[in-house]
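Both ligands and their constituent atoms are indexed starting at 1 by order of listing. Source: prediction; values computed, not measured.
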Amino acid sequence: MSKIKVIVAGPRGKMGSEALRMIEKKEDLELVACLDHKFEGKQINELEELPNFDAMIYTDMETCFQSVEADVLVDLTTPEFGYIHTKTAINYGIRPVVGTTGFTEEQLQELTDLAEEKEVGVIIAPNFALGAVLMMQFAKWAAKYFPDVEIIEKHHDNKLDAPSGTAVKTASLIKEERETKKQGHPEEKETLPGARGADVDGMKIHSMRLPGLVAHQEVVFGSSGENLTIKHDSFHRQSFMTGVKLAIDNVMKLDILVYGLENILE
Ligand SMILES: NC(=O)C1=CN([C@@H]2O[C@H](COP(=O)(O)OP(=O)(O)OC[C@H]3O[C@@H](n4cnc5c(N)ncnc54)[C@H](O)[C@@H]3O)[C@@H](O)[C@H]2O)C=CC1
Ligand SMILES: O=C(O)C1=N[C@H](C(=O)O)C[C@H](O)C1
């Protein structure tokens with residue numbers, strides 16, 4: 001059996017290190033290198049608390065992509081570098097599996113067009129947890145019957161982007177189902193700017209950042225005399241790894257960009 005050769009960008013991060021632990025357990029995956037902004041030339045097994053891989057760390061992505069034979073780049077870094085890594089990997093014919101959130105709509109469109117032009121498979125998933133994917137699908141379904149909705153996302157306080165990628169994706173799925181609707185009182189005024197949250201097509205997103213949280217979201221629908229709350233909690237980053245593996249397997253069969261894990265789930 002030939003193994004899928006994987007590069008991980010962000011190996012020392014909360015998600016990247018969890019991805020290394022997942023790869024270590026999978027016989028059909030091989031870690032061939034890592035991309036970091038530190039520790040050039042070291043091996044992963046020289047760094048504390050990371051699995052015992054002898055994969056080399058590169059700080060320059062072009063050198064990495066030229067030196068190493070790889071099938072897939074798993075990117076779990078920052079919005080700024082995740083975008084550059086993804087674009088460059090596509091140009092090298094290495095299939096990106098991207099968990100990094102915070103890309104703009106323009107960047108997503110540019111990557112979609114580039115993947116199509118180069119015929120390189122890409123999966124960008126704002127949330128790899130299967131429960132979160134279902135939560136988003138259930139929310140889309142509910143929006144058909146409950147057009148008044150607010151999204152409350154809660155994350156750890158090291159998160160760079162707000163709102164979360166999951167909240168943005170949830171809002172865009174809901175948008176596919178409902179007419180634009182400005183919610184609340186038509187003459188509502190914020191006496192403190194930001195009090196009503198961010199606005200997407202008339203619906204509101206509220207972002208909470210606190211120590212102790214991992215990744216949580218509630219989608220609250222309101223109607224006359226009733227509320228429906230659809231809620232998902234990731235308590236541990238292991239929750240994302242089934243989806244990361246699924247994406248690695250599936251990206252090998254793609255020649256376009258797919259945005260959202262729901263598009264590869266059966
Ligand atoms: N799609 C999903 O299911 C999930 C996505 N995320 C996203 O994944 C990303 C990473 O999240 P965490 O692991 O929690 O963050 P983190 O801050 O723990 O890890 C980010 C890592 O990226 C590294 N990094 C920064 N610049 C780099 C560069 N130029 N080259 C290589 N590595 C670089 C940092 O050293 C750090 O180790 C975020 O965008 C987050 O929103 C997080 C959890 C789940
Ligand atoms: O930064 C995180 O932690 C997470 N980011 C993703 C997002 O922005 O939606 C996925 C998950 O919520 C955890």
Practice task
Please write down residue, atom name and distance for the protein heavy atom closest to atom 3 (O) of ligand 2.
Solution key: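 Answer, as residue, atom name and distance: His156 NE2, 2.8 Å.
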
**Prompt:** Where is the nearest protein heavy atom to atom 12 (O) of ligand 2: which residue, which atom, and how far?
**Reply:**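 Ranked first by proximity to atom 12 (O) of ligand 2 is His155 NE2, 2.6 Å.
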
Is it the side chain (CB and beyond), the backbone, both or neither of Thr166 that lies under 4.0 Å from ligand 2, heavy atoms counted?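 Looking at Thr166 and ligand 2, atoms from backbone and side chain both fall under 4.0 Å.
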
Margin query: Side chain, backbone, both or neither: which applies to Lys14 and ligand 2 if a contact is any heavy-atom pair less than 4.0 Å apart?
Written below: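 No part of Lys14 comes within reach of ligand 2.
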
Does any part of the side chain of Tyr92, heavy atoms only, come nearer than 4.5 Å to the side chain of Gln66, both counted from C-beta?
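Side-chain contact under 4.5 Å: yes.
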
*Candidate with minimal heavy-atom separation from atom 6 (C) of ligand 2, of Ser234, Ala215, Pro126*: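 Among Ser234, Ala215, Pro126, the closest heavy atom to atom 6 (C) of ligand 2 belongs to Pro126.
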
| said: Taking non-hydrogen atoms within less than 4.0 Å of ligand 1, which protein residues qualify? | reply: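 Residues Gly10, Arg12, Gly13, Lys14, Met15, Leu35, Asp36, His37, Leu76, Thr77, Thr78, Phe81, His85, Gly99, Thr100, Thr101, Ala125, Pro126, Asn127, Phe128, Lys159, Asp161, Phe240 each place a heavy atom under 4.0 Å from ligand 1, listed by chain and number.
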
- Salt-bridge present (Arg21, Glu49; N to O < 4.0 Å):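 A salt bridge is absent here (no side-chain N lies under 4.0 Å from a carboxylate O).
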
Does ligand 2 have an atom under 4.0 Å from some heavy atom of Met15?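 Met15: no contact with ligand 2 (<4.0 Å).
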
| Does any N/O atom on Lys159 come nearer than 3.5 Å to any N/O atom on ligand 2? |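 Right, the criterion is met.
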
May I ask you to check whether Phe240 has an N/O atom sitting below 3.5 Å from an N/O atom of ligand 2?
->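 In this structure, Phe240 places no N or O atom under 3.5 Å from an N or O of ligand 2.
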
Closer than 4.0 Å to some heavy atom of Asn127 - which atoms of ligand 2 meet that?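 Result: 10 (C), 11 (C), 12 (O).
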
- Query: Is Ser223 reaching over with its side chain to a backbone N or O of Glu226, donor-acceptor style, under 3.5 angstrom?
  - Reply: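 Checking the backbone N and O of Glu226 against the side chain of Ser223, no donor-acceptor pair under 3.5 Å is found.
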
